[in-house]
Undergrad: 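Would you mind keeping the following structure in view while I ask a few things?
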Number of protein chains: 2
Amino acid sequence: MATLADVARHAGVSTATASRIINGSSKPVADALRTRVLAAVAELKYVPNAHAQMLARSHRSAVGVIVHDVSDPYFAEITRGLQRVATADGRLVIICNSFREPDRELEYIDLLHAHQVAAIVIAGSGYLDPATAARLDDRLRAFEATGGRIAVIGRHEHTGDAVLPDNEQGGFLAGEHLFTLGHTEIAVIAGPSYLTTTADRLKGLQNAARKYGIKLPKKRIYHADFTRDGGEEMAARVLADEPEVTAIAALNDSMAVGALAALRTSGDRRVAVIGFDDMPIARDVTPSLTSVRLPLTALGERAMALALGAAVESPRVEHVEAELVVRQSTWPR
Amino acid sequence: MATLADVARHAGVSTATASRIINGSSKPVADALRTRVLAAVAELKYVPNAHAQMLARSHRSAVGVIVHDVSDPYFAEITRGLQRVATADGRLVIICNSFREPDRELEYIDLLHAHQVAAIVIAGSGYLDPATAARLDDRLRAFEATGGRIAVIGRHEHTGDAVLPDNEQGGFLAGEHLFTLGHTEIAVIAGPSYLTTTADRLKGLQNAARKYGIKLPKKRIYHADFTRDGGEEMAARVLADEPEVTAIAALNDSMAVGALAALRTSGDRRVAVIGFDDMPIARDVTPSLTSVRLPLTALGERAMALALGAAVESPRVEHVEAELVVRQSTWPR
DNA sequence: ACGCTTGAGGTAAGCGCTTTCCTAGACCGT
DNA sequence: ACGGTCTAGGAAAGCGCTTACCTCAAGCGT
């Protein structure tokens, strides 16, 4: 491990001069020295120790991102947006997967805090349980108290700036679409019941049901885990349990795709399916999936912009509307 | 920012004692002190500065991962495997997207080096251009020279341990499948020509063609960019240019899905399509996609295991075979 | 020729932590 | 009671860098 001192010695200058040359400080330096130092850097294959740098100039630069799972396309899209604006700003982004476990999320908040990140962006559903939310918020506040910035995507219970997709309105859109097509017997494949996203989307659906005078009994709400396979399994159960159902509203596209698969294996061609999120795959399944679009990449970009922007007294909140995208998987009853 | 010194002062002990208590050092400490220190930690919401820790105990722990793009399902799968074993080992993993730009890759190698990661794992096709490969290898060696470990997935031109999916054999499998089904006029939708993955898979395809006495002229090889839309565009061009083609071999699933879409819009139901990678989506498109499976998650797991394992004199190389998965998108001519 | 400014470069004090080494009191056997 | 052995806890030396401050010499005007 060549150190700055090695380079300086090699070039016959002080570490101060070497540091100034390497970092392109504003202080003027003779060209002869500059050349010597740069040559020493190349020869020794010197790479500065980022930890020492961070410690010495105590200003934060990296940003941390906590998502449920980057390999889930939903978060992949959001992350893409986050990365774009972060790297455009020359920042290292550290991505952490919480896998929907509050404890892991807690751990990562502290870890990012320890790593002196400038900001933490948390994307993905929050936790309905107030105790859990409070615990998270507590750690977040501790981070904020040290001057860190916070931005959240899609959860409203925390301190800091927020970008909020309107899940409730999106749920309403999904319900309205199905009900105006004449479906009265619908089943819902929801996500885990402890997530706010599930609750919000469901609420929108119920609002729509109320408006259109349709009843949406508890037993018609099946909880899966937001994965494709979970959706397939639940859809199969719906098909078995409730033969009168004519449409399934899945609360995300992965589960909707699973539902389509269940329909395919059962040979059933009469049940309509609507998804949520409008992920790229929606175009490529057959029938192509009607869905409620959330501008995921944009969500990420805006959240990162908030996180990197100047701090403001009162947290900024941006709302983002959902939008219905009609394709071939829904039809009149 | 509460520091260790603050905590120590607050608890009326030295920083040495505080550090020992907080890190659970082996040195015994009186319970009274322990309680006081822990109380101070809680009260001051103390979070240790990871940079200072790294600097003081100069041992590396985090690991860095460089992939082309995590939000690409191919890398998402690999990354999942990498993360699983890294976090099981209690390590922070830093993920960097190179977006297939060698310069960015170079930059990230240095950045990870600077951050004193214990190991760097690079996944994804290498670059055919020898100068580019050499430049990368040079930086990698510099990292290795400082005691860092390196593991690569799917590129053979570098120092360090490697997990190598057999792309050539996979290409052969794809070709053999098509040729034994009787297809003689096939078109290939390849990836970017400067990537080794493209070259290897293509080579396998050509080996198969030679074995089965089929000719595969240059003009039947279309280069796209490994994305779905690129695949769709090229497939459309194939359909327009070469009406006699009865099968398309796409060199990854994303492009195969695009090809399926092109077929759908053109109303063509006679051209067979085979993909490569067997990503989850392959099951869910219609017709479901015949593909060549690479055990991506396992690839990631094994690479990370190599990276975290004990260093050995001579780099270890593990080969992983590809496997044909036949579904509905291919049929006899 | 003198004092002053100016500018290039060096000196050294941290940044926040870990850990080696040391101290001083407690405890032991005789 | 005394020397010797433990042991709990503290002092302080770094880890590799940045940067405020200082030095010294050259260049200036008068």
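Below, chains carry the letters A, B, ... as their sequence lines are ordered, and counting in each starts from 1. Keep in mind that the numbers below use all heavy atoms, side chains included, and drop hydrogens, waters and symmetry copies.
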Undergrad: Nearest nucleotide by nearest heavy atom, which residue falls closer to the 5' end of DNA chain D, B:Thr15 or A:Ala52?
TA: B:Thr15

Undergrad: What do the steps show when you test B:Arg141 against B:Asp138 for salt bridge (Lys or Arg N to Asp or Glu O under 4.0 Å), and what is the final call?
TA: CA-CA 5 Å; B:Arg141 278 182 196 290; B:Asp138 181 57; over 6 Å; no

Undergrad: Distance check needed: D:dG14 C1' versus B:Met54 CE, whole Å only.
TA: 16 Å

Undergrad: Could you tell me the separation between the CD1 atom of A:Ile21 and the C1' atom of D:dT18, rounded to a whole number of Å?
TA: 15 Å

Undergrad: So B:Met304 and B:Val65, do their side chains get closer than 4.5 Å, heavy atoms only?
TA: yes

Undergrad: Take the angle between the ring planes of A:His51 and B:His51 and call it parallel below 30°, perpendicular above 60°, tilted in between.
TA: tilted

Undergrad: Atom CG of B:Asn23 to atom P of C:dG16: distance rounded to whole Å?
TA: 17 Å

Undergrad: Evaluate salt bridge (Lys or Arg N to Asp or Glu O under 4.0 Å) for A:Arg135 paired with A:Glu107, printing each intermediate quantity in order.
TA: CA-CA 11 Å; A:Arg135 245 170 357 131; A:Glu107 219 170 85; over 6 Å; no

Undergrad: Contacts to DNA chain D from residues 41-51 of chain A, heavy-atom cutoff under 4.0 Å, which residues?
TA: A:Tyr46, A:Pro48, A:Asn49

Undergrad: Which of these nucleotides, C:dC17, C:dT18, D:dT18, is closest to any side-chain atom of A:Ser19?
TA: D:dT18

Undergrad: Distance check: side-chain N/O of A:Gln53 vs OP1/OP2 of D:dT18, anything under 4.0 Å?
TA: yes

Undergrad: Near DNA chain D, counting only heavy atoms under 4.0 Å, which residues of residues 30-37 of chain B show up?
TA: B:Ala30, B:Leu33

Undergrad: For B:Tyr46 and B:Thr3, work out which heavy atoms get closest and say how close.
TA: CE1-C, 3.5 Å

Undergrad: Please state how far atom NE2 in A:His113 lies from atom C1' in C:dG16, giving the value in whole angstrom units.
TA: 13 Å

Undergrad: Please state how far atom NE2 in B:His115 lies from atom C1' in D:dG16, giving the value in whole angstrom units.
TA: 14 Å

Undergrad: Could you walk me through whether A:Arg80 and B:Asp69 pass salt bridge (Lys or Arg N to Asp or Glu O under 4.0 Å), step by step?
TA: CA-CA 9 Å; A:Arg80 182 200 299 275; B:Asp69 182 3; 3.8 Å; yes

Undergrad: Compare the minimum distances between each of C:dG14, C:dG10, C:dA8 and the side chain of A:Thr17, then state the nucleotide with the smallest one.
TA: C:dG10

Undergrad: Between C:dG9, C:dC17, D:dC15, which nucleotide has the shortest distance from any of its atoms to the side chain of B:Leu55?
TA: D:dC15

Undergrad: If a stem is a run of at least 3 consecutive Watson-Crick or G-U pairs, both distances under 3.5 Å, which stems include DNA chain D?
TA: C:1-30 with D:1-30

Undergrad: What nucleotide, of D:dT19, D:dG16, D:dA11, holds the atom closest to the side chain of B:Ala16?
TA: D:dA11

Undergrad: So A:Val163 and A:Val317, do their side chains get closer than 4.5 Å, heavy atoms only?
TA: no

Undergrad: Output, in order, the C-alpha distance, side-chain angles, deciding distance and verdict of side-chain hydrogen bond (donor to acceptor under 3.5 Å, both in side chains) for A:Arg60 and A:Thr146.
TA: CA-CA 11 Å; A:Arg60 293 113 160 260; A:Thr146 69; 3.0 Å; yes

Undergrad: Using side-chain hydrogen bond (donor to acceptor under 3.5 Å, both in side chains), reason through B:Thr35 and B:Asp31 one step at a time and then give a plain yes or no.
TA: CA-CA 6 Å; B:Thr35 323; B:Asp31 278 351; over 6 Å; no

Undergrad: Just the rounded figure in Å: distance from C1' of C:dT18 to NE2 of B:His59.
TA: 11 Å

Undergrad: Between the base of C:dG10 and the side chain of A:Arg20, is one N or O donor paired with an acceptor at under 3.5 angstrom?
TA: yes

Undergrad: Would a line drawn from the ring center of A:Phe99 to the ring center of A:His68 be shorter than 6.0 Å?
TA: no

Undergrad: To the nearest Å, how far apart are A:Arg57 CZ and D:dC17 C1'?
TA: 9 Å

Undergrad: Using every non-hydrogen atom in the two residues, find where B:Lys45 and A:Ala142 come nearest and quote the distance to one decimal.
TA: CD-CB, 3.5 Å

Undergrad: Can you find a side chain N or O atom of A:Ser14 that sits less than 4.0 Å from OP1 or OP2 on C:dG10?
TA: yes

Undergrad: Taking only Lys NZ, Arg NE, NH1 and NH2, and the carboxylate oxygens of Asp or Glu, determine whether A:Asp161 and A:Arg149 approach each other closer than 4.0 Å.
TA: yes

Undergrad: Look at B:Ser58 and D:dC15 and indicate whether a side-chain polar atom (N or O) is within less than 4.0 Å of OP1 or OP2.
TA: no

